[in-house]
Amino acid sequence: MMNFKERKMDQPSGRSFMQVLCEKYSPENFPYRRGPGMGVHVPATPQGSPMKDRLNLPSVLVLNSCGITCAGDEKEIAAFCAHVSELDLSDNKLEDWHEVSKIVSNVPQLEFLNLSSNPLNLSVLERTCAGSFSGVRKLVLNNSKASWETVHTILQELPDLEELFLCLNDYETVSCPSICCHSLKLLHITDNNLQDWTEIRKLGVMFPSLDTLVLANNHLNAIEEPDDSLARLFPNLRSISLHKSGLHSWEDIDKLNSFPKLEEVRLLGIPLLQPYTTEERRKLVVARLPSVSKLNGSVVTDGEREDSERFFIRYYVDVPQEEVPFRYHELITKYGKLEPLAEVDLRPQSSAKVEVHFNDQVEEISIRLDQTVAELKKQLKTLVQLPTSSMLLYYFDHEAPFGPEEMKYSSRALHSFGIRDGDKIYVESKTK
């Protein structure tokens, strides 16, 4: 592997961090902006700096996709970046950790560093270089193909690291360091190829204080761990994402109950849930995870939990006893055995059987409720032997406390009266 000096001579076309910084944040490209919340800082003039009044730097620097290959003048970096707290260097051409170290060591307030999509796998990260990152709390190494050896070195030298992003790095296995990292709270390790639980469990060993574990778009096929061991492996895990994993058994979902502090779960796109309807997926999962308060980003209310648990009982009520999940028996103890819900047709009634009273006679007929009063009169014309112009109609609801209601408006639809089976219609003659 060529050393840094050889590589520097071999990269005449590369751009330095400082060169790009001067171009992007010069007054011509990034004029000084006044007003609250802009976060722009004009540093004190460094001694002997030829750029003393040229740069207007915010505390968050975004220098992604700029073709950066090296650091540039370290004194200038130190002079202008003393206040910078966040630095995005993603999608550049940095391949030497020494160059990264030169940049970072001169940004003393740095807490967030994004090195995604840089070919840093082409060099080895030495502990002396990693030591310059010691104040970083959030580190993004997505699509950097960083080796586990590099990750171990970082973990040793970053005592305050809280968030680590290792997505798209083609990991098929996990390698444990000799020393645990107790500071890490959040790990994004999505879009790799971690299929076996034997690899995932190593993350619990490495990061015993882990609060959030994002495993989306891996192909984890099962959670193969005794319940008591799961509790010891991830004692502080509060949130886990298993989006588009390969889980295909309800036993894997039940295993999530073994994490003692788990509150939030994401489970979209897993093979297990594909055969179920959208309603069934959510309710069956909510009912199986009594301690989870947020599922797939949505809060589980007390009302939803009770509805889901009752749904769960009814869902399994006719299943053979040997196939009924253990959670069913727990919920039977809580709610008792529930009968299946009656199917209720909520469509509006299209017709009704009513009693027609006229001249001391009563006839039961069926009337369409989508017709108007005028059309009803035509239907009754033969029955009551009166011309429509001579009819007076009165509707009587057999359950209402009031008397008959005159049906005086010819264009009014019958369904607007709320007519039901058993109601009465009285017909009288205007000449009576």
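FYI, the numbering just counts along the sequence from 1.
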Do Val124 and Trp97 pass the side-chain contact (heavy atoms from CB on, under 4.5 Å) test, and can you show the C-alpha distance, the side-chain angles, and the key distance before you say yes or no?
-> CA-CA 7 Å; Val124 175; Trp97 282 103; over 6 Å; no
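- With a 4.5 Å cut-off on side-chain heavy atoms, Asn257 and Pro290 count as touching.
- A donor-acceptor pair shorter than 3.5 Å can be found between the side chains of Ser101 and Ser132.
- Scored by the side-chain contact (heavy atoms from CB on, under 4.5 Å) test, Glu330 finds Phe326, Arg327 as partners (sequence neighbours excluded).
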From CA spacing to verdict: salt bridge (Lys or Arg N to Asp or Glu O under 4.0 Å), Glu264, Arg238 = CA-CA 6 Å; Glu264 180 175 356; Arg238 186 193 56 81; 3.7 Å; yes
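- Heavy atoms from other residues, nucleotides or ligands lying under 6.0 Å from CD of Glu149 number 12 at most.
- For the pair Tyr25/Leu63, a side-chain contact is recorded, criterion being any heavy-atom separation below 4.5 Å from C-beta on.
- Leu141 is listed as a side-chain neighbour of Leu139, based on a closest heavy-atom distance under 4.5 Å.
- With salt bridges taken as basic N to acidic carboxylate O contacts below 4.0 Å, one links Arg412 and Glu405.
- Side chains of Arg281 and Gln274 form a contact here, defined as non-hydrogen atoms less than 4.5 Å apart.
- Heavy atoms only, all atoms of each residue included: Val373 and Phe417 are closest at CG2-CE1, 4.0 Å.
- In this structure the side chain of Cys81 reaches within 4.5 angstrom of the side chain of Leu21, judged on heavy atoms.
- In this view, Glu111 satisfies the side chain to side chain donor-acceptor pair (under 3.5 Å) rule with no residue, not counting sequence neighbours.
- The closest donor-acceptor contact from the side chain of Glu323 to the backbone of Pro320 lies at 3.5 Å or more, if one exists at all.
- When every heavy atom of Lys255 is checked against every heavy atom of Leu230, the shortest pair comes out as O-CD1, 3.6 Å.
- Under the side-chain contact (heavy atoms from CB on, under 4.5 Å) criterion, Lys337 pairs with Val317, Tyr328, Ile332, sequence neighbours left out.
- Counted within 6.0 Å of CG on Asp302, heavy atoms from surrounding residues, nucleotides or ligands total 12 or fewer; the atom is thus considered open.
- Residues Lys244 and Leu268 are not in side-chain contact: their nearest non-hydrogen atoms beyond the backbone lie 4.5 Å or more apart.
- Checked by atom type, the side-chain pair Gln371/Gln379 shows a donor-acceptor distance below 3.5 Å.
- Taking a 6.0 Å sphere around OH of Tyr335, one finds it holds more than 12 heavy atoms contributed by other residues, nucleotides or ligands.
- Here CD1 of Ile189 is found 13.0 Å from CG of Asn217. Values are rounded to the nearest 0.5 Å.
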Run the side-chain contact (heavy atoms from CB on, under 4.5 Å) check on Tyr316 and Leu284 step by step: do they pass?
-> CA-CA 10 Å; Tyr316 286 102; Leu284 293 177; 4.3 Å; yes
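- With no hydrogens or angles considered, a side-chain donor-acceptor pair links Glu251 and Ser249 at under 3.5 Å.
- Contact annotation: the side chain of Ile270 approaches that of Ser245 to within less than 4.5 Å [non-hydrogen atoms, C-beta and beyond].
- Panel note: side chain Trp148, backbone Thr173; a donor-acceptor pair is recorded below 3.5 Å.
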Asp397/Arg420 under salt bridge (Lys or Arg N to Asp or Glu O under 4.0 Å): CA gap, chis, key distance, verdict = CA-CA 8 Å; Asp397 179 352; Arg420 293 166 293 175; 3.1 Å; yes
After noting the C-alpha distance and the side-chain angles of Asp73 and Lys75, does the key distance pass the salt bridge (Lys or Arg N to Asp or Glu O under 4.0 Å) rule?
-> CA-CA 6 Å; Asp73 192 315; Lys75 291 182 180 179; over 6 Å; no
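- Using a 3.5 Å distance cut-off with no hydrogens or angles, the side chains of Glu74 and Asn106 do pair a donor with an acceptor.
- Pairs of residues two or more places apart, or lying in two chains, that qualify as ring pair (Phe, Tyr, Trp, His ring centres under 6.0 Å) and include a residue from residues 249-274 are Phe234-Phe259, Trp250-Tyr276.
- Residue-environment remark: NZ (Lys138) stays at or below the threshold of 12 foreign heavy atoms within 6.0 Å.
- Although no hydrogens or angles enter the test, the distance criterion places no donor-acceptor pair under 3.5 Å between the side chain of Ser209 and the main chain of Leu184.
- Looking at Asn142, its side chain never comes within 3.5 Å of a backbone N or O of Val140 through a donor-acceptor pair.
- Proximity of a side-chain donor or acceptor of Glu157 to a complementary backbone N or O of Ile154 within less than 3.5 Å is not detected.
- Pairing each heavy atom of Asn92 with each of Ile68, the nearest pair is OD1-N, 3.0 Å.
- In summary, the side chains of Ser65 and Asp91 do present a donor paired with an acceptor at a separation below 3.5 Å, with no hydrogens or angles considered.
- Phe17 is not listed as a side-chain neighbour of Glu76, based on a closest heavy-atom distance of 4.5 Å or more.
- Ser117 and Asn143 share a side-chain donor-acceptor pair at under 3.5 Å.
- Within the 3.5 Å criterion, the main-chain N or O of Val174 finds a donor-acceptor partner in the side chain of Glu199.
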Going through the checks in order, is the side-chain contact (heavy atoms from CB on, under 4.5 Å) test met by Tyr315 and Lys283?
-> CA-CA 10 Å; Tyr315 188 87; Lys283 287 187 173 180; over 6 Å; no
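- Inspection of the Asp196 and Thr198 side chains reveals no N or O donor paired with an N or O acceptor under 3.5 Å.
- With 3.5 Å as the limit, one finds a donor-acceptor pair spanning the side chains of Ser147 and Thr150.
- There is no side-chain donor-acceptor pair under 3.5 Å between Asn296 and Ser298.
- The cationic group of Arg137 does not satisfy the cation-pi geometry with Phe112, failing either the under 6.0 Å distance to the six-membered ring centre or the 45° limit from the ring axis.
- Not counting sequence neighbours, His152 has no partner by the ring pair (Phe, Tyr, Trp, His ring centres under 6.0 Å) test.
- Among residue pairs with one or both ends in residues 181-203, those qualifying as ring pair (Phe, Tyr, Trp, His ring centres under 6.0 Å) are Phe165-His188; sequence neighbours excluded.
- Listed for the Ser183 side chain is a donor-acceptor partner under 3.5 Å among the backbone atoms of Leu161.
- Going from atom CG of Asn193 over to atom CG of Asn169 covers 13.0 Å, rounded to the nearest 0.5 Å.
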Carefully, step by step, assess Leu376 and Ile425 under the rule side-chain contact (heavy atoms from CB on, under 4.5 Å).
-> CA-CA 11 Å; Leu376 176 61; Ile425 292 177; 3.9 Å; yes
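- Between the side chain of Asn118 and the backbone N or O of Leu94 there is at least one donor-acceptor pair closer than 3.5 Å.
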What do the steps show when you test Glu225 against Lys202 for salt bridge (Lys or Arg N to Asp or Glu O under 4.0 Å), and what is the final call?
-> CA-CA 12 Å; Glu225 192 81 33; Lys202 296 175 186 176; over 6 Å; no
